[in-house]
Amino acid sequence: MRGPELKAADRDRFFARLGRSGLGLLEYSGGATLLLGQTLRGVLSSPARRWGQALQQLERVGWQSLPVVAFMSFFIGMAVAFQISYQMHKLAFAADLYLPSFAALMILREIGPVLTGLIIAGRVGAASAAELGTMRISGQIDALRALASNPVRYLVVPRLAALCLGLPLLTLYADAIGLAGGYLVGTTQLALSPTLYWQMSARLITSPDLFTGLIKALVFAVIIATISSFEGLRARGGAKGVGRATTRAVVISFVLIIAADALFTAAFYAIGG
Amino acid sequence: MPSVAEPEQVIEVRALHKAFGGQAVLRGVDLQVRPGETLGILGASGSGKTVLLKHLNGLLRPDAGQVWIAGQEITRLSEARLGPIRLQLGMLFQEAALFDSLSVGRNVGFALYEHTKLSREQIERRVRDCLAQVGLAGSEQLRPVELSGGMKKRVGLARALALQPRILLYDEPTSGLDPAGRAQINGLIRRLQRELEVTAVLVTHDIESARQVSDRLALLHRGRIVLSAPPQEFFRSAAPELREFWGEREQPWNIIQA
Ligand SMILES: Nc1ncnc2c1ncn2[C@@H]1O[C@H](COP(=O)(O)OP(=O)(O)OP(=O)(O)O)[C@@H](O)[C@H]1O
Ligand SMILES: [Mg+2]
């Protein structure tokens with residue numbers, strides 16, 4: 001007698017949980033979208049002094065991230081070159097000739113923007129969520145409001161602006177260094193002539209690949225700025241709450257960056273870009 | 001229900017209710033503050049004094065009830081519409097809530113930089129004045145992390161004064177100060193009353209300073225204002241809530257009786 005009842009209760013609980021997490025997801029994306037909307041509106045109506053703040057943020061986004069971005073893209077550029085040449089050798093004769101263009105494709109379209117996006121989500125997104133979270137729990141956000149300032153305009157707008165400028169620039173930088181890593185492998189390990197290598201890559205650099213990668217970087221910048229600010233501004237529950245907001249900011253940014261990347265790539269190929 | 005506040009009230013709160021996750025904090029608060037009056041609010045720790053204060057400039061929204069500031073009902077105004085009202089309301093936070101990425105000078109001058117067209121020199125002069133008033137002349141370049149609790153409190157007060165607001169909300173202005181600092185702040189509050197005819201609401205545990213600076217005292221108890229009277233009368237009251245506030249419940253004969 002109790003069996004089916006129990007199952008019904010289980011089922012109800014399952015649907016209740018599903019409903020709750022569905023609602024939670026809806027609420028979350030609604031909240032984040034709303035914040036993004038407010039921020040974009042804020043960008044348009046910002047006074048000039050916000051640019052100074054944006055520049056300060058840009059220093060954190062860009063300048064201080066240069067070493068780690070360089071380090072990682074260089075080695076991934078090399079690894080990609082090795083992988084490509086190894087796999088192609090199994091398929092075709094004289095495959096090394098395709099190396100430059102394949103490596104460039106991978107780096108410009110995928111690795112450059114995604115790697116940079118992830119690094120910046122980890123470095124800048126986390127720091128930003130922690131900073132805003134601390135401001136929230138220590139009453140500084142309330143203090144801003146009490147002084148008739150809009151926390152979104154004062155805090156989020158400069159961050160979004162800095163990321164939208166900084167992330168594409170950093171991606172360009174990562175692209176260049178990644179290509180250099182591939183070049184090093186191609187010319188030293190595989191004995192491609194330097195001129196041939198550059199000729200083969202250059203053909204691609206003028207194509208939409210670079211542009212596609214930069215558009216991706218811009219989208220990732222919006223994701224990082226929105227999620228880290230959203231998490232930070234709604235932090236609650238003391239130091240632990242700030243920690244939680246920071247972790248969530250990084251994890252959710254990572255997931256959205258990867259998902260957006262797949263979506264974008266699919267969309268670009270679907271429309272023949 | 002009257003649709004306009006009596007013009008002689010600067011602050012009027014009607015039947016204010018606020019709960020956090022099922023826990024009722026304010027359960028029908030009514031209060032009025034006349035122009036130039038300083039209302040002191042006493043109440044046990046956790047009785048909702050800070051929550052009440054944060055409703056007066058719209059930082060918190062009530063579940064029910066109204067807040068009128070200078071004849072305007074503010075509980076349903078958007079953040080943008082609240083802006084001009086907040087500029088007339090200086091608030092000193094219980095934990096000071098200084099912006100820790102900005103220097104003391106930038107903290108005090110924050111609203112001046114953001115909301116006025118004053119020149120940098122004019123702002124710096126005003127900041128210097130405000131810091132001098134709270135006894136911290138010359139500390140513009142310090143960072144909030146370099147300050148003691150009492151100093152933060154005083155910088156918070158200077159920041160609240162910078163725009164010369166007509167209404168001031170003080171949340172525990174003297175907590176964490178030494179006797180000299182306390183006397184200085186009490187003196188400053190009185191001078192603001194006298195010289196600028198500021199209207200104020202002051203929330204505090206510090207009964208002595210509440211008595212010194214308030215024109216009227218109110219007791220917040222279990223989410224309501226249960227007693228409101230001029231200081232003399234207030235302290236003579238035999239209301240049981242007041243005795244509970246004094247801690248008489250904790251006295252042995254009370255426990256034995258129970
Ligand atoms: N943002 C919030 N979320 C949930 N509960 C809250 C929040 N703010 C205040 N409370 C609760 O409301 C109650 C009243 O808090 P409040 O800070 O107003 O007390 P208080 O009278 O100012 O105390 P104290 O004298 O210690 O400052 C407390 O029980 C507190 O836990
Ligand atoms: Mg309090």
**Report entry** Which atoms of L92(B) approach chain A - backbone, side chain, both or neither, heavy atom under 4.5 Å
**Finding:** neither
Report summary line: Rounded to the nearest 0.5 Å, the OG atom of S138(A) sits from the CZ atom of F93(B) at a distance of 10.5 Å
Query raised in the report: For the side-chain contact (heavy atoms from CB on, under 4.5 Å) test, which of N57(B), L82(B), L59(B) pairs with R145(A)?
Result: L59(B)
Query raised in the report: If every non-hydrogen atom of L147(A) is compared with every non-hydrogen atom of L87(B), which pair is closest and at what distance?
Result: O-CD2, 4.2 Å
Query raised in the report: OH/Y154(A) to CZ/F110(B) distance, rounded to the nearest 0.5 angstrom?
Result: 4.0 Å
Report task. Return yes when atom CD of E79(B) has more than 12 non-hydrogen atoms of other residues, nucleotides or ligands closer than 6.0 Å, and no otherwise. Result -> yes
Report task. Look at atom CZ of R236(A) and say whether more than 12 heavy atoms of other residues, nucleotides or ligands are closer to it than 6.0 Å. Result -> no
Requested in this report: Would you mind checking which part of I141(A) comes under 4.5 Å of any heavy atom in chain B, side chain (CB onward), backbone (N, CA, C, O), both or neither?
Outcome: neither
Query raised in the report: What are the two closest non-hydrogen atoms of A143(A) and A97(B), and how far apart are they?
Result: CB-O, 3.6 Å
Query raised in the report: Where does D142(A) contact chain B at under 4.5 Å (heavy atoms): side chain, backbone, both or neither?
Result: both
Query raised in the report: Is atom CZ of R81(B) surrounded by more than 12 heavy atoms (other residues, nucleotides or ligands) closer than 6.0 Å?
Result: no
Query - Nearest non-hydrogen partners of A148(A) and H115(B), listed with the distance - result: O-CE1, 2.9 Å
Query - Pick from Q94(B), R159(B), M91(B) with the largest number of heavy-atom pairs that fall under 4.5 Å of chain A - result: R159(B)
Report task. Check whether L98(B) gets within reach of chain A through its side chain, its backbone, both or neither, counting any heavy atom under 4.5 Å. Result -> backbone
Query - Greater than 12 external heavy atoms within 6.0 Å of F71(A)'s CZ - result: no
Report task. Say whether D100(B) and Q140(A), considering side chains only, have a donor N or O and an acceptor N or O under 3.5 Å apart. Result -> yes
Query raised in the report: CZ of R153(A) to CD of E114(B): how many Å apart, nearest 0.5 Å?
Result: 11.5 Å
Report task. Using a cut-off of 6.0 Å, state whether more than 12 heavy atoms not belonging to R76(B) lie near its atom CZ. Result -> no
